[in-house]
Amino acid sequence: MKTRLFTPGPVMVPEKVMLKMAEPIIHHRTPEYESLFADVNVKLKKFFMTEGEVFTLASSGTGAMEAAVVNILAKGDKAVAVRGGKFGERWYEICKAYGVETIAIDVEWGRAVTPEQIKKVLDGNPGVKAVFTTQSETSTGVLTDLKAIGEVIKKYDVALVTDAVSGLGAHELLPDKWGIDMVVSGSQKTIMLPPGLGFICVLKDTWSRIERSNLPKYYWDLKKYKKSIEKNQNPFTPPVTLLVGLNESLDIILAEGIENMWARQALVAKAMRAGIKALGLNLFPKDPSNVLTTISIPEGIDGGALVKTLKKNGIFPAGGQDQLKGKIIRIGHIGYLDEYDVFAALSGLEMSLKAIGYSFSSGESLKAAQQVMSE
Ligand SMILES: *Cc1c(COP(=O)(O)O)cnc(C)c1O
């Protein structure tokens, strides 16, 4: 049976990209590789919409998050981490692991942090050098307004760092304009690759902070990556296969156009939301992201059983984590998918709900989604 990944990462990968990755491995200390890496870096800057530098790391997204922390802060600096879900918590935990005094802004899961909340904490805590945020909090399905937060942070001598691992490519994000010093992402989300690459975008003005940073680091020292990238090289052996795939997937993305990609993701999300509402289900987040549809499990329905049944029907979703375990179901819709995949997901959802005893009138979600698509 065909398995359809509807998780907010890993995602389905285009055949064209997989075929490219099946070619024989090339050595990385060769002109052939350097030419490929030069191409990839130009395309990455377009994808991140930046005049800054985008570094590719051999890690999952979390490695790139850790790289951000150890390169932006110095010993004795204070940091702020927004905790409104699992990934916001991760920023806090990484900062703590490096002994950074970290102030948490605890946000109710399902809601986004407000610029006012950030302003209040910065006013009350002099000495904060960086604020760590999450663009699309994948554990809850919430979108954060980084443009507005950037406006606030501009008035302080504070770096703004965001985890855009799932959100980049699904929502507008303009690092240079909005003043986001570091944007972190990963390969297994909208970039449509297998897991294994982390990305970190650094603005030109951010280098002075990196120069003064003295937190312990070796593999994640961005100064090494900067020196190498000038020669179209990596400081350590890069995952060549994934870089070959990346070159291909960036071609697909840039051919569609970033703005068109945002619009497609918005349409897919809108159709999904219309579909689940038509079944009498509710969205969990108040400020929903277009990366995934997070559904509150209705009273009397076993969330775990719903996830299991969906998987049996060939639709692979994600359940809830921690406090949301059994209370939500998350259907990711990024990566290699289109409008018709939405119908597959909704149809699978309807059949699975029916199988576990939730009653509604069949086909309503498909009707509502089609209505959105044809508008
Ligand atoms: C997927 C994801 C990550 C990265 O997790 P890894 O498993 O380390 O790749 C980080 N933040 C968000 C918001 C994500 O969706």
Side-chain angles (χ1 to χ4, degrees), residues 5-13 48 54-70 81-95 97 105 107 109-113 131-146 149 160-173 175 180 182-201 219-220 239 242 245-246 249 265 269 284-285 287-294 316-322 324 328-337:
L5 279 179
F6 283 95
T7 50
V11 299
M12 294 182 280
V13 176
F48 277 75
V54 183
F55 299 101
T56 300
L57 310 175
S59 73
S60 74
T62 307
M65 291 170 77
E66 183 157 338
V69 170
V70 298
V82 176
R83 285 197 304 201
K86 284 296 276 182
F87 292 105
E89 282 177 356
R90 191 163 297 177
W91 278 130
Y92 183 85
E93 287 163 10
I94 296 170
C95 288
I105 301 179
V107 181
W109 286 30
R111 287 189 176 267
V113 69
V131 174
F132 295 94
T133 58
T134 315
Q135 184 199 16
S136 172
E137 174 52 80
T138 316
S139 64
T140 59
V142 162
L143 177 72
T144 295
D145 184 354
L146 283 164
I149 290 172
L160 175 57
V161 180
T162 202
D163 164 358
V165 177
S166 68
L168 189 77
H171 279 282
E172 183 180 32
L173 187 76
I180 309 177
M182 288 180 170
V183 176
V184 167
S185 197
S187 56
Q188 79 277 27
K189 310 274 167 130
T190 62
I191 299 179
M192 306 188 292
L193 281 184
L197 295 180
F199 303 100
I200 181 161
C201 168
Y219 196 69
W220 297 143
L242 287 172
L246 176 61
S249 64
Q265 290 292 162
F284 173 74
D287 313 282
S289 146
N290 291 338
V291 169
L292 67 162
T293 299
T294 308
F316 201 104
Q321 299 156 290
D322 290 359
L324 293 178
I328 58 165
I329 178 166
R330 296 175 298 147
I331 299 178
H333 29 72
I334 50 172
Y336 182 47
L337 51 73

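Heavy-atom basis, side chains included; hydrogens, waters and symmetry copies ignored. In what follows, residues are counted from 1 in the order of the sequence shown. When a ligand or atom number is given, it counts from 1 through the structure's own listing order.
Pairs of residues two or more places apart, or lying in two chains, that qualify as side-chain hydrogen bond (donor to acceptor under 3.5 Å, both in side chains) and include a residue from residues 54-65 are T62-R90.
Among all non-hydrogen protein atoms, the one lying nearest atom 3 (C) of ligand 1 is F87 CE2, 3.4 Å. The nearest protein atom to atom 11 (N) of ligand 1, hydrogens excluded, is given as D163 OD2, 2.5 Å; this is a heavy-atom distance. Among protein heavy atoms, atom 6 (P) of ligand 1 sits closest to S60 OG, 3.4 Å. For atom 13 (C) of ligand 1, the closest non-hydrogen atom on the protein side is T138 OG1, 3.2 Å.
Contacts between S59 and ligand 1, counted as non-hydrogen atom pairs separated by less than 4.0 Å, are absent for every part of the residue. When heavy-atom distances to ligand 1 are checked against a 4.0 Å cut-off, Q135 has no atom that comes that close, whether in backbone or side chain. Contact annotation: for T62 versus ligand 1, heavy atoms closer than 4.0 Å belong to both the backbone and the side chain.
In this structure, the side chain of S185 does not engage the main chain of F199 through any donor-acceptor pair within 3.5 Å.
Set against the non-hydrogen atoms of S136, the atoms of ligand 1 under 4.0 Å away are 13 (C). Close approach to R90 involves these atoms of ligand 1, each under 4.0 Å from a residue heavy atom: 5 (O), 8 (O).
Geometrically, ligand 1 and G61 share a nitrogen or oxygen pair separated by less than 3.5 Å.
T294 places none of its side-chain heavy atoms less than 4.5 Å from the side chain of P288. Inter-residue side-chain proximity for W109 and I328 is flagged as unmet; no heavy-atom pair is nearer than 4.5 Å. At a threshold of 4.5 Å between non-hydrogen side-chain atoms, the residues V13 and P194 count as touching.
For T133 and T144, the side-chain atoms include no donor-acceptor pair closer than 3.5 Å.
Nearest heavy atoms, W91 versus A81: CB-CB, 4.2 Å.
The shell of residues lying under 4.0 angstrom from ligand 1, judged by heavy atoms, excludes G9.
Checking each of I200, L173, L160 against V183 for a side-chain contact (heavy atoms from CB on, under 4.5 Å) leaves exactly one that passes, namely L173.
The option from M65, E137, Q188, K189 that lies nearest to atom 2 (C) of ligand 1, judged by heavy atoms, is K189.
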